[in-house]
Amino acid sequence: MTLIIIIALGILAIGSWVFVYFKIELFKKDIVKKEEELNNRLYELAIVKELGDRVGYSLDVHQIIDIITGSLHQFIEYSAVSYMLVEPEKLIFKVHLEESVHRGFVDEVKKRMIGSISALLNKDFQKVPIEEILSGAILIEEVQEPVKSFFNIPLVIGDKIVGVLTVAHTQTGLYKEEEMTILYKITNQASQAVTKLQKVVETEQSKLNSMMESMADGVVMTDLDYRLMVINPAAKKAIGFESDQEVTIFDFIDNLGGKFDIRGRLEESVKLKKTYESEKVLLNDKFFQIFVFPVINKATEGQETVLGGVVIFHDITSEVATEQIQKDFTSMLVHELRSPLDSIKRIATVLKGGTIKAKTEKYEDYLSMIHSNSSGMLNLVNDILDVSKLEAGKFSVTKKPGDIKDVISKRIDFYAIPAKDKKITLESTLSEDVPSEVEFDAEGIEHVLNNLISNAMKFTKPDGKVALNAFLHKKGGKINDEMKIAGLEPLDINIKNDMDAVMVIVSDTGIGIKEEEVGSLFKKFKQLESGKTTQQKGTGLGLVITKGVVEEHGGEIGVVSEYGKGSNFFFTLPIKPVTAPTPATAQTPTDTPPAPDSVVVQTPTPTKPVADPAPPIPAATPKTTPPVA
Amino acid sequence: MKKILIVDDKKEFRSTLSDALNSGKYEVEVAENGIRALEKMVSFEPDLVILDMLMPEMGGLEFLRELKGRGIKSNILISTQLAQMDDISNALGEGMSVGVRGYIIKSSQSLEMIVKEIEKTLSSL
């Protein structure tokens with residue numbers, strides 16, 4: 001019984017011991033395995049890191065394999081490590097010797113490797129030229145040891161066999177399963193890393209490509225033989241090709257002709273590592289500045305290799321145009337300034353000649369010419385000063401309470417005679433709802449009115465019409481409705497309606513303004529093409545200042561124009577109640593405009609001011625001044 | 001007496017030049033654009049035309065084309081600004097056959113120089 005118990009205990013003890021032993025062994029194995037895996041993993045990581053650091057994005061297979069073979073020695077023993085790579089037209093055979101061997105050894109390795117490659121790729125490589133590179137220990141013919149251990153594995157990058165990696169030793173029976181496994185793992189890992197890297201490079205390249213595709217500048221990259229490596233659509237366009245056409249360097253040479261020596265500049269750039277910047281070059285109606293750079297690879301520190309050249313076609317058409325506009329503007333200003341001076345000088349010459357007697361009509365005529373020429377010049381000089389003040393943000397207006405209707409009427413009267421001379425009908429309609437007392441800068445608003453009326457007259461042919469309309473634009477009011485009430489055709493003017501304002505519209509039956517030119521109308525340096533053709537002179541500064549004056553009053557300015565039919569220039573003058581509420585402002589709370597729809601129905605959009613406006617609209621009877629001329 | 005027609009949209013230029021020329025030596029008439037000038041070509045029959053290039057209604061170039069079209073020949077001096085030198089080559093191309101003889105540059109020549117140029121041209125006719 002005791003024995004049985006002892007035996008049982010013994011069995012149990014042995015059993016537990018065996019169990020524990022095996023468990024420990026298992027653990028041990030597991031630990032060893034894990035350690036191995038960790039080691040391999042570390043090595044793989046080291047390789048990947050080294051690949052990343054040293055190879056960068058160049059993806060040179062030689063370099064990659066050099067890295068692998070360079071660090072292989074810590075894992076496997078060999079007399080020689082070598083690789084053979086398949087290149088177009090040749091094989092690269094590189095051997096690194098860890099110890100001295102004789103030539104026969106290397107030749108044997110080479111022979112076996114060619115055999116393996118031929119078998120792997122199912123192609124005969126016996127007669128393909130071989131480029132051999134030997135490194136490491138020197139060859140010594142006295143060392144007669146033959147190849148006794150040999151192992152090679154295919155080098156696969158991105159599912160493609162690119163060559164063979166081989167380890168060889170003078171000792172026998174070295175490469176067993178363990179070594180082979182390590183070697184497989186390493187090359188496999190390296191291959192995966194490279195494949196991944198290749199994908200990264202491809203993504204980067206496609207990013208780069210899509211960036212290049214969408215770039216406004218033309219980009220051309222060539223290799224050292226001036227073959228096009230990269231070309232984007234903008235570059236093709238620059239030489240007049242469509243983006244889907246195939247283009248060679250010769251197309252560039254031909255199409256750039258005598259304008260730009262692309263070949264010469266590339267050669268200079270690549271050979272002398274020089275950057276070149278061209279003057280403006282005209283290609284197919286566009287101006288380009290062309291840059292040429294060498295492409296330098298600085299993969300390894302201190303070493304620079306020129307890979308090719310880059311040509312960039314930078315479109316400077318708009319810069320050239322701006323430059324031209326500024327030049328035109330300056331010469332126009334000079335002309336506008338010297339032309340009256342020339343006139344005055346000529347008049348002085350004639351008067352000095354003594355043929356014109358004082359107090360005669362002719363004499364007086366000349367005096368008034370001197371007067372008008374000098375005041376024209378003075379005005380221009382003032383305009384230039386005003387514009388420079390506007391540009392410097394130093395332009396200001398002095399607002400005082402005054403009668404805006406009176407100012408407008410006086411301006412219309414002022415232009416009555418010139419209008420009559422030019423056979424233009426000039427009329428004005430001041431709606432009664434325009435308050436008589438408003439705060440404004442009388443001189444500034446006179447300038448605005450002068451500018452708009454004289455412009456309208458300048459671009460209107462004889463028998464045409466210039467009309468000025470002024471009415472009250474109510475806070476929250478719809479401009480089209482208000483125009484109808486004032487007896488005008490709606491113009492879809494887009495303006496603020498956050499406060500009451502006097503709206504002034506100067507309409508003409510002139511040449512109108514092209515839609516694309518409206519935007520630049522109130523800018524300095526602008527010269528409308530349509531204005532040029534009719535030979536209407538002017539500095540274009542007037543509208544710039546006009547805009548400045550209106551905006552200083554808190555108003556808005558703009559134009560609604562139809563090319564060939566005429567223009568409607570408008571501006572608003574916001575009303576702040578002066579001291580006592582004017583009749584117009586007093587009406588505001590009760591006389592809200594009727595619903596827009598009813599206005600549309602009831603007002604048959606009259607073209608002439610109506611004496612009897614639609615019944616529900618109060619206080620909007622336009623007071624019409626008789627047309628002059 | 002030689003007859004001179006001054007075509008220019010600028011009143012100051014027309015007046016001063018005609019006064020500078022009109023000391024009993026020449027008969028001078030003026031026109032402010034090409035249309036008026038065409039009328040004067042028929043009614044006045046000038047020996048010499050001083051022709052501005054940039055004018056409203058009808059400019060100098062158009063006037064020359066009209067002359068060509070109507071088969072009217074005369075002697076013409078183009079007058080222009082320094083900044084518009086292109087006008088001269090255009091006018092020469094257009095106007096050789098109708099009698100363009102030369103040019104004056106208003107912005108760089110004084111009234112006396114312009115008068116001298118006109119007298120020189122007239123004496124060579």
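If you're wondering where the values come from, they're calculated on a predicted model, not measured in any experiment. Note on naming: letters A, B, ... go to the chains in the order of the sequence lines (proteins, then strands), and numbering restarts at 1 for each one.
Remark: B/Lys11 NZ to A/Asp365 CG distance equals 4.5 Å, nearest 0.5 Å. A distance of 9.0 Å separates CG in A/Asp342 from OG in B/Ser108, rounded to the nearest 0.5 Å. Rounding to the nearest 0.5 Å places NZ of B/Lys10 at 9.5 Å from CZ of A/Arg346. Rounding to the nearest 0.5 Å places CD of B/Gln81 at 3.5 Å from NE2 of A/His335. To the nearest 0.5 Å, atoms NZ (B/Lys106) and CZ (A/Arg338) are separated by 12.0 Å. Interatomic distance, CG of B/Leu17 versus OG1 of A/Thr349, reported as 11.0 Å (0.5 Å rounding).
Only the side chain of A/Ile356 comes within contact range of chain B, with at least one heavy atom under 4.5 Å from a heavy atom of that chain. For B/Ile114, the part lying near chain A is the side chain, with the backbone staying farther off; criterion is any non-hydrogen pair under 4.5 Å.
No more than 12 heavy atoms of other residues, nucleotides or ligands lie within 6.0 Å of CD1 in A/Ile417, so this atom counts as exposed by the packing criterion. With a 6.0 Å radius and a threshold of 12 heavy atoms from other residues, nucleotides or ligands, B/Tyr103 has its OH atom at or below the threshold. More than 12 heavy atoms of other residues, nucleotides or ligands shown are found within 6.0 angstrom of NZ on B/Lys40. Atom CG of A/Asp285 has 12 or fewer neighbouring heavy atoms from other residues, nucleotides or ligands inside a 6.0 Å radius.
Side-chain N or O atoms of A/Tyr366 include none that pairs as donor or acceptor with a backbone N or O of B/Glu12 at under 3.5 Å.
Side chains of B/Leu111 and A/Val350 form a contact here, defined as non-hydrogen atoms less than 4.5 Å apart. Residues B/Asp19 and A/Lys362 meet the side-chain proximity criterion, which asks for heavy atoms closer than 4.5 Å.
Applying a 4.5 Å heavy-atom cutoff, none of the residues of residues 446-457 of chain A approach chain B.
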